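Worksheet for the structure shown next.
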Amino acid sequence: MPMIQFLQKEGVDFRLCTKVTDILTHSDHGKETVSAISILRDSSQETLSVRPDDIVIVTLGSVTSGSSSGSNNSPPPLKTLIAEDELDENWSLWLNLGTKYSSFGDPYNFCTRLTESRLETFTVTLRDAEFFYRLVKLTYDKPGVGHLISLKHSNWKISVCIPRQPFFSCQPDNVQILWGYGLCPEREGNLVKKPMLVCSGEDIMAELLWHLGFPLEPILNNSITIPSVMPRRTASLLPRIRGDRPTVIIDEMTNLAVIGQFVEIPDETAVSMDYGVRGAQLAVSHLMGLPKQPEEARKRPSFPFLNLWV
Ligand SMILES: Cc1cc2nc3c(=O)[nH]c(=O)nc-3n(C[C@H](O)[C@H](O)[C@H](O)COP(=O)(O)OP(=O)(O)OC[C@H]3O[C@@H](n4cnc5c(N)ncnc54)[C@H](O)[C@@H]3O)c2cc1C
């Protein structure tokens, strides 16, 4: 990816297949300074030492943790949805930090409410121009110009995103792709009389075509739909109380900041990429002691991603 190539040229050392299991600190005058990072790589535990003038920025939690994918012919495997069984490294690190220090908020508020935060997404690969031809005729929008299309009568609360084509640089001319999701996958569909959660990709595509009023064939036969259940996709929007999310800059830490969708940033709305970027700007600016502060957040009247209006 161009971003990875750029960062590597700037000296970034990516460590793949490596889990951060703990962050170790030493105390001085009521403040904590990170001195080491414990990692698990190739099943062996290692410790990376950190100098007091190094800075450590940690992403807390993840909206994709616990996700599972199906195929065109089969639904995603139905997991038992016991929250504690699904706490991968994305959450265990935050839980660890929260146990040791008082100002890291409450990860349990976000990672255990799976039925409230669950959403099912799907991607469709089409080898037939018929779907896009009909969609442009229906919406008067070329691919990529509109926001999400929400099918308001859909029991599953389906929305689809039609990006500009080609979306991928290696995408063949005769292939088109789109992405969508259902906010209520536990409900029975309007055409397909079962919950989205137990549907194959083909079932989901049939439901989508039915809502749009398009004939099922030949589009269904020329498409591949991959469903994916994301039990924590909307966890960053769950009700919370003050203190559940830690602030980016933690007073008791001298060289550590936290970022991601589960930190507190005044006047910003979590969910999209810019929230993570904003957190990183604040973290770097503070920990590096930069004279220039990040610009104030822009106030937006609407929030198009996920079609939620605030
Ligand atoms: C289906 C979907 C569609 C989206 N569409 C949009 C969109 O159109 N526009 C938009 O702005 N945003 C969109 N988003 C949201 C966007 O993807 C996220 O806001 C963004 O990826 C968050 O970035 P992040 O770096 O904070 O966290 P993540 O992307 O979750 O990255 C965190 C990384 O840290 C790793 N990690 C976590 N803990 C550990 C550990 N202990 N040790 C080692 N590694 C660890 C994880 O494996 C992961 O790779 C979408 C998200 C989804 C799921």
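None of the values given here were measured: they were computed from a predicted structure. Order of listing sets the numbers, starting from 1, for every ligand and every atom in it.
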Handout entry: Atoms of ligand 1 close to Val271 [distance to a heavy atom under 4.0 angstrom, numbered from 1]
Key = 15 (C), 19 (O)
Handout entry: Residues forming a side-chain contact (heavy atoms from CB on, under 4.5 Å) with Asp141, sequence neighbours excluded
Key = Thr139, Val145
Practice task
Find all atoms of ligand 1 within a distance of less than 4.0 Å from any non-hydrogen atom belonging to Arg233, and give their numbers and elements.
Solution key: 2 (C), 4 (C), 14 (N), 15 (C), 50 (C), 51 (C), 52 (C), 53 (C)
Problem - Ser150 side-chain N/O to Lys152 backbone N/O, donor-acceptor pair under 3.5 Å - result: no
Exercise for the section: Keeping the roles fixed (side chain from Thr21, backbone from Ser38), state whether a donor-acceptor pair exists under 3.5 Å. Expected result: yes
Handout entry: Proximal ligand 1 atoms for Gln261, defined as those under 4.0 Å from one of its heavy atoms
Key = 19 (O), 22 (C)
Handout entry: Exam field: side chain Tyr133 to backbone Asp128, donor-acceptor pair closer than 3.5 Å
Key = no
Exercise for the section: Consider ligand 1: state whether an atom of it lies below 4.0 angstrom from any non-hydrogen atom of Gly276. Expected result: no
Problem - Distance filter under 4.0 Å to Thr64 heavy atoms, resulting ligand 1 atoms - result: 53 (C)
Practice task
Could you say whether the N/O atoms of Trp179 and ligand 1 ever approach to under 3.5 Å?
Solution key: no
Exercise for the section: Work out whether the distance between some heavy atom of Thr21 and some atom of ligand 1 is less than 4.0 Å. Expected result: no
Handout entry: Donor-acceptor contact present, side-chain Trp156 to main-chain Arg187, <3.5 Å
Key = yes
Exercise for the section: Measure from the side-chain N and O atoms of Gln176 to the backbone N and O of Leu126, and report whether any donor-acceptor pair falls under 3.5 Å. Expected result: no
Exercise for the section: Taking Asn174 for its side chain and Arg127 for its backbone only, find out whether a donor-acceptor pair lies under 3.5 Å. Expected result: no
Practice task
Compute the shortest N/O to N/O distance between Met230 and ligand 1 and return yes if it is under 3.5 Å, no if not.
Solution key: no
Exercise for the section: Kindly say whether the aromatic ring centers of Phe262 and Trp91 come within a distance under 6.0 Å. Expected result: yes
Problem - Test item, Thr18 contacting ligand 1 (heavy atom, 4.0 angstrom) - result: yes
Practice task
May I ask you to decide if Lys157's main-chain N or O and Tyr181's side chain share a donor-acceptor pair within less than 3.5 Å?
Solution key: no
Problem - Carboxylate-amine/guanidinium proximity below 4.0 Å for Asp28 and Lys31 - result: no
Handout entry: Mode of Ile259 contact toward ligand 1 - side chain, backbone, both, neither (heavy atoms, under 4.0 Å)
Key = neither
Practice task
Answer with yes or no whether Trp91 contacts ligand 1, where contact means a heavy atom under 4.0 Å from a ligand atom.
Solution key: no
Problem - Contact atoms of ligand 1, heavy-atom distance to Lys19 under 4.0 Å - result: 42 (N), 43 (C)
Completion exercise
The answer for which part of Tyr181 has a heavy atom under 4.0 Å from ligand 1 is neither
Handout entry: Closest candidate by heavy atom, reference atom 48 (C) of ligand 1, pool Leu119, Asn90, Thr123, Asn96
Key = Asn90
Exercise for the section: Say whether Gly260, considering both its backbone and side-chain N or O atoms, lies within less than 3.5 Å of an N or O atom on ligand 1. Expected result: no
Exercise for the section: Using distance alone, determine whether Thr59 and ligand 1 share an N or O pair under 3.5 Å. Expected result: no
Handout entry: Sub-4.0 Å atoms of ligand 1 with respect to non-hydrogen atoms of Ser62
Key = 30 (O)
Practice task
Please check if the side chain of Glu264 supplies one atom and the backbone of Pro246 the other of a donor-acceptor pair under 3.5 Å.
Solution key: no
Practice task
Could you tell me whether some N/O pair between Gly61 and ligand 1 is separated by less than 3.5 angstrom?
Solution key: no
